[in-house]
Amino acid sequence: MLSAKKEAVLAELDGHLAPVTAAEFCTWEKSMLVSVSEDRTFKVWDYSTSQLIYQSGIITAFPLLSLLIDEENKQIITGCAEGQLWIFSLIIDHNYRCVAHIDLKKEQEKFCNKVWKSGKEIGEGQNNSKLCKTDNMRPEGSVEMSLPILLIEHCDFFSCFHNEENIYSSQNTSYFWIGTSTGLLIINLANFELETFLSYRDYSDLSIRIARSCALTRKAANGKVLCLITSMFEDMIAVLEVNLAALVRAQHSDFLPHANEKSLSVIARCNLLANSPLCKGLKKNVKETSSKTLGVKNTVKDKPLVFHSKIKSSGYTAAPRMTMFSPNTNLKKQEVSKWKTSCKCKNKEYPLESCPPIKYEKEISVTCKSTPIFCVQYSGDGELLACGQADKTVLIFNSNLTDVHNVFSGHDGAVNSVGWSHDRKWLVSASEDRTLRVWSVCNKELALILGKEKFHKTVRFAQFYFIDTFILLCCGAEFHLLSFHLDTTKDDLKRYKQRSVCKLVQKFPMTSTMEITSLSAVNEFYSYIVLTAGSNRALEVFDLNAGCSTAVIQEAHVRPVHQICQNKGSSFSTQQPEAYNLFLTTAAGDGIKLWDLRTLRCERRFAGHSSRCYPCGIAVSPCGRFVASGSDDKYAYIYEMRSSTFLSKLGRHTESVISVSFSPSSPQGIF
């Protein structure tokens with residue numbers, strides 16, 4: 001290290017085993033320097049004392065060539081000679097953990113395939129772009145080249161769109177230029193995906209095809225960025241002028257919002273259509289209410305008198321009452337206190353600025369022997385907790401986990417999902433035995449059962465929908481919309497006959513898939529949107545008001561999505577209307593992705609937990625600020641919605657955490 005003022009050597013940091021390729025100062029930590037080397041490691045130094053603070057292990061098999069310190073997110077980004085990019089956290093409590101690993105070759109190929117399928121040309125005004133030629137279309141005799149990362153630099157992305165009102169990405173997202181030997185790339189640091197790619201081959205007047213080094217202006221001037229590149233094999237340099245806005249607009253014209261185009265919304269914005277499938281389940285109620293409002297009198301026809309139920313005794317056999325009825329005015333203190341606490345519960349609000357539930361409080365054993373819990377869900381008032389288990393039972397606990405409220409048994413297979421009704425009186429469960437059951441929580445009995453004859457495959461998921469008007473379930477490659485009427489009264493003469501009724505309204509098939517792996521919809525308020533995920537790794541959005549599919553997201557994850565989790569909020573919290581358009585998806589080995597329904601884009605990716613073997617569950621807090629995730633390593637992870645690295649790591653588990661849930665009424669959770 002040299003002093004520019006004194007022209008003297010300040011420090012000499014010795015420790016790397018190969019030539020140092022890049023070094024950067026840490027601006028928020030005094031006397032901190034980070035360096036990378038061809039020995040494939042990075043080191044953190046205190047240059048004031050010439051001491052080594054941290055030394056990483058060998059990251060890759062190829063030399064590390066470039067380095068950048070992201071001051072906003074407090075992370076370091078380094079790239080190697082084989083097109084691999086690593087992001088490490090510099091936050092004190094994170095112990096320099098790896099936040100993300102990006103394979104630029106795969107990202108570039110995925111981006112090119114997406115543009116190729118959309119039929120768009122790549123490059124600024126060039127009709128003969130060669131960017132979209134992937135490995136499958138490589139000419140015979142050609143050799144696959146490596147992709148050395150020569151430069152990592154901040155990208156002044158949003159300043160290039162200062163005259164445009166509609167920008168397809170979030171303003172809080174950071175972007176970075178990646179300079180390689182064959183072109184320039186822009187990486188979105190929130191979702192770790194490639195935003196745009198400019199190949200040197202797209203410039204017909206440029207004689208440099210492979211660059212040895214490159215440099216970029218950090219700030220854009222008039223929406224344009226200057227790039228200086230040097231040739232690998234000749235004594236030649238060139239300066240490129242890149243119009244970033246035009247480049248992004250050309251490659252993302254399908255994703256940029258238009259002024260006359262209406263975006264999707266979870267909250268219902270219009271009235272029900274006359275031919276909507278949702279109207280079929282509401283017609284009966286509409287007719288009944290209309291007849292009452294018009295004051296139509298119902299005439300009773302003369303019919304023979306038949307007693308269908310047991311006649312109540314006249315009471316003459318019992319001793320006559322000698323005292324008149326008197327009201328009970330001696331209320332117990334416990335009953336009064338229960339009434340007061342229930343009223344307080346209804347009036348309390350969820351603290352929106354609270355910290356995440358990371359303090360350990362209680363642990364209970366659900367069964368005597370080890371039994372996996374496949375799903376957990378709080379009731380809407382936060383007073384009860386339902387657990388679906390592998391031993392074919394559904395358990396209901398009090399929210400404080402002090403007592404088992406009820407045990408529902410009857411399934412012949414593991415319980416896949418449980419769902420509460422909006423009024424907290426009913427609980428729906430789906431099982432591997434190809435049945436769906438609705439339980440009465442008040443009467444503690446079975447209210448409705450749909451048997452194996454109704455479904456040809458396992459019911460993966462079931463829930464109440466449209467404020468308890470319908471039931472949604474997925475079976476095979478389609479999901480069903482069911483209308484129902486629940487009646488738990490019993491007839492003594494036909495005591496085994498089910499009085500509850502359920503009717504199929506319509507089936508909705510998912511496009512080009514063998515099986516629907518997850519389904520999600522909002523029941524807390526009126527919404528027409530239903531989200532589905534299939535075994536073909538795609539996401540599909542259905543509008544049940546129109547009764548059709550409205551959007552498909554292909555290749556959402558590298559593996560099939562096993563859970564979709566929407567930001568539904570709760571009755572104890574209030575969020576901005578736009579926040580309800582956010583939803584999460586997770587897949588084994590591919591982390592968690594945050595999507596925006598309005599743009600159908602991945603806005604952020606959460607990585608750090610392990611989910612390679614088991615379908616680990618996810619949940620969103622009622623305030624919409626935190627995300628919980630299970631993991632294979634016997635921990636539960638808490639993420640903040642604005643950060644890609646985890647906030648807390650919760651232990652004390654003896655097996656993999658596969659289901660998590662937040663309480664809707666208070667900052668606590670079940671992991």
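Computed from heavy atoms alone, side chains included, the values below leave out hydrogens, waters and symmetry copies.
- Under the 3.5 Å distance criterion, the side-chain polar atoms of Ser631 are matched with a main-chain donor or acceptor of Ser610.
- In this structure, the separation between CD1 on Ile638 and SG on Cys355 is 12.0 Å, given to the nearest 0.5 Å.
- Within 6.0 Å of atom NZ in Lys362, more than 12 heavy atoms from other residues, nucleotides or ligands are found, so the atom counts as buried in its surroundings.
- The backbone N or O of Arg97 lies less than 3.5 Å from no partner atom in the side chain of Asn95, so there is not a single donor-acceptor pair.
- Tyr47 and Phe25 have their aromatic ring centers within a separation under 6.0 angstrom.
- In this structure the side chain of Cys602 never reaches within 4.5 angstrom of the side chain of Leu594, judged on heavy atoms.
- Looking at His609 and Tyr639, their side chains do bring a donor and an acceptor atom within 3.5 Å of each other.
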Would you check, one step at a time, whether the test side-chain contact (heavy atoms from CB on, under 4.5 Å) holds for Leu401 with Ile670? CA-CA 10 Å; Leu401 302 181; Ile670 296 294; 3.9 Å; yes

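- Note: Asn416 CG to Phe374 CZ = 7.5 Å, rounded to the nearest 0.5 Å.
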side-chain hydrogen bond (donor to acceptor under 3.5 Å, both in side chains), that's the test. Do Glu72 and Ser174 meet it? Break it down for me. CA-CA 8 Å; Glu72 182 180 354; Ser174 299; 3.1 Å; yes

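- A donor-acceptor contact under 3.5 angstrom links the side chains of Asp391 and Gln389, judged on distance only.
- The distance from the CZ atom of Arg218 to the CG atom of Asp156 is 9.5 Å, given to the nearest 0.5 Å.
- Nearest heavy atom pair, residue Leu33 against residue Ala23, reads CD1-CB, 4.3 Å.
- A donor-acceptor pair under 3.5 Å is formed between the side chain of Ser379 and the backbone N or O of Leu384.
- Taking all atoms of both residues into account, the shortest heavy-atom contact from Ile373 to Ser659 is O-CB, 4.3 Å.
- Looking only at atom types and distance, the side chain of Arg460 has no donor-acceptor partner in the side chain of Ser417 under 3.5 Å away.
- Shortest non-hydrogen contact noted between Gly591 and Ser611 is N-OG, 4.4 Å.
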Determine, step by step, whether Tyr96 and Phe88 satisfy the ring pair (Phe, Tyr, Trp, His ring centres under 6.0 Å) criterion, reporting the C-alpha distance in whole Å, the side-chain angles of both residues, the deciding distance to 0.1 Å, and the verdict. CA-CA 6 Å; Tyr96 305 97; Phe88 296 90; 8.9 Å; no

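- To the nearest 0.5 Å, atom CD of residue Glu578 and atom OG of residue Ser265 are 8.5 Å apart.
- Under the 3.5 Å distance criterion, the side-chain polar atoms of Gln563 are matched with a main-chain donor or acceptor of Ile618.
- Here Arg269 contributes atom CZ and Ser263 contributes atom OG; the two are 5.0 Å apart, rounded to the nearest 0.5 Å.
- By the 6.0 Å contact criterion, NZ on Lys649 is enclosed, its count of non-hydrogen atoms from other residues, nucleotides or ligands being greater than 12.
- For the residue pair His411 / Thr393, no side-chain donor-acceptor distance below 3.5 Å is found, with atom types taken as modelled.
- Looking only at side-chain heavy atoms (C-beta outward), Leu189 and Asp70 come within less than 4.5 Å of each other.
- Panel note: side chain Ser527, backbone Val266; a donor-acceptor pair is recorded below 3.5 Å.
- By the 6.0 Å and 45° rule, Arg437 does not stack over the aromatic ring of Phe408.
- Panel note: side chain Lys392, backbone Val415; no donor-acceptor pair is recorded below 3.5 Å.
- The two residues Phe606 and Met641 have their closest heavy-atom pair at CZ-O, 3.8 Å.
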Residues Ile186, Phe176; criterion side-chain contact (heavy atoms from CB on, under 4.5 Å); working and verdict: CA-CA 6 Å; Ile186 296 181; Phe176 290 89; over 6 Å; no

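- When only modelled atom types and interatomic distance are considered, Gln75 and Ser89 share no side-chain donor-acceptor pair under 3.5 Å.
- Surrounding CZ of Phe525 are more than 12 heavy atoms belonging to other residues, nucleotides or ligands, all under 6.0 Å away.
- Residues Phe646 and Tyr637 place their aromatic rings such that the two centres sit under 6.0 Å apart.
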Are Phe461 and Phe479 close enough, and set up right, to give a ring pair (Phe, Tyr, Trp, His ring centres under 6.0 Å), and what steps lead you there? CA-CA 9 Å; Phe461 183 84; Phe479 71 90; over 10 Å; no

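- At a cut-off of 3.5 Å, with distance as the only test, no side-chain donor of Thr532 or Glu540 sits close to an acceptor on the other residue.
- Contact check on Arg605 versus Asp590 returns a salt bridge, with a Lys/Arg side-chain nitrogen under 4.0 Å from an Asp/Glu carboxylate oxygen.
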Leu539 and Phe583: CA distance, side-chain angles, deciding distance, side-chain contact (heavy atoms from CB on, under 4.5 Å) verdict: CA-CA 12 Å; Leu539 297 174; Phe583 65 95; 4.1 Å; yes

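- Side-chain contact annotation: Thr585 with His557, donor-acceptor N/O pair under 3.5 Å present.
- A donor-acceptor pair shorter than 3.5 Å can be found between the side chains of Glu195 and Asn188.
- Looking only at distances, no side-chain donor or acceptor of Asn581 sits under 3.5 Å from a matching main-chain atom of Arg598.
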Criterion salt bridge (charged side-chain N to carboxylate O under 4.0 Å, His left out) on Lys593 and Glu193, from CA distance to verdict: CA-CA 11 Å; Lys593 290 186 178 182; Glu193 292 182 357; 3.6 Å; yes

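- Across all their heavy atoms, Gly79 and Ile149 have their closest contact at CA-CD1, 3.7 Å.
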Please assess Phe626 against Phe662 for the test ring pair (Phe, Tyr, Trp, His ring centres under 6.0 Å), listing each intermediate value before the final yes or no. CA-CA 10 Å; Phe626 303 107; Phe662 283 102; 7.6 Å; no

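- With hydrogens and angles ignored, the 3.5 Å screen pairs no side-chain donor or acceptor of Ser656 with any backbone N or O of Ile658.
- Across all non-hydrogen atoms, the minimal contact from Ile564 to Ser518 is N-OG, 2.9 Å.
- Distance check: Tyr350 OH to Ser571 OG gives 12.5 Å after rounding to the nearest 0.5 Å.
- For the residue pair Trp439/Ser429, the side-chain donor-acceptor check at 3.5 Å is satisfied.
- No more than 12 heavy-atom neighbours from other residues, nucleotides or ligands sit within 6.0 angstrom of CD1 on Ile92.
- A donor-acceptor pair is defined here as one N or O able to donate and one able to accept, closer than 3.5 Å; such a pair exists between the side chain of Asp468 and the backbone of Asp423.
- A donor-acceptor pair under 3.5 Å is formed between the side chain of Thr469 and the backbone N or O of Phe466.
- Heavy atoms from other residues, nucleotides or ligands lying under 6.0 Å from OH of Tyr635 number 12 at most.
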Decide yes or no on side-chain hydrogen bond (donor to acceptor under 3.5 Å, both in side chains) for Gln575 and Asn567, but give the supporting numbers first. CA-CA 10 Å; Gln575 300 183 33; Asn567 180 24; 2.8 Å; yes

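- Under the 4.5 Å side-chain criterion, counting only non-hydrogen atoms from C-beta, Thr586 is not in contact with Val561.
- Neither side chain, Asn523 nor Gln463, offers a donor N or O lying under 3.5 Å from an acceptor on the other.
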Evaluation steps, side-chain contact (heavy atoms from CB on, under 4.5 Å), between Thr402 and Ile364: CA-CA 9 Å; Thr402 56; Ile364 64 168; over 6 Å; no

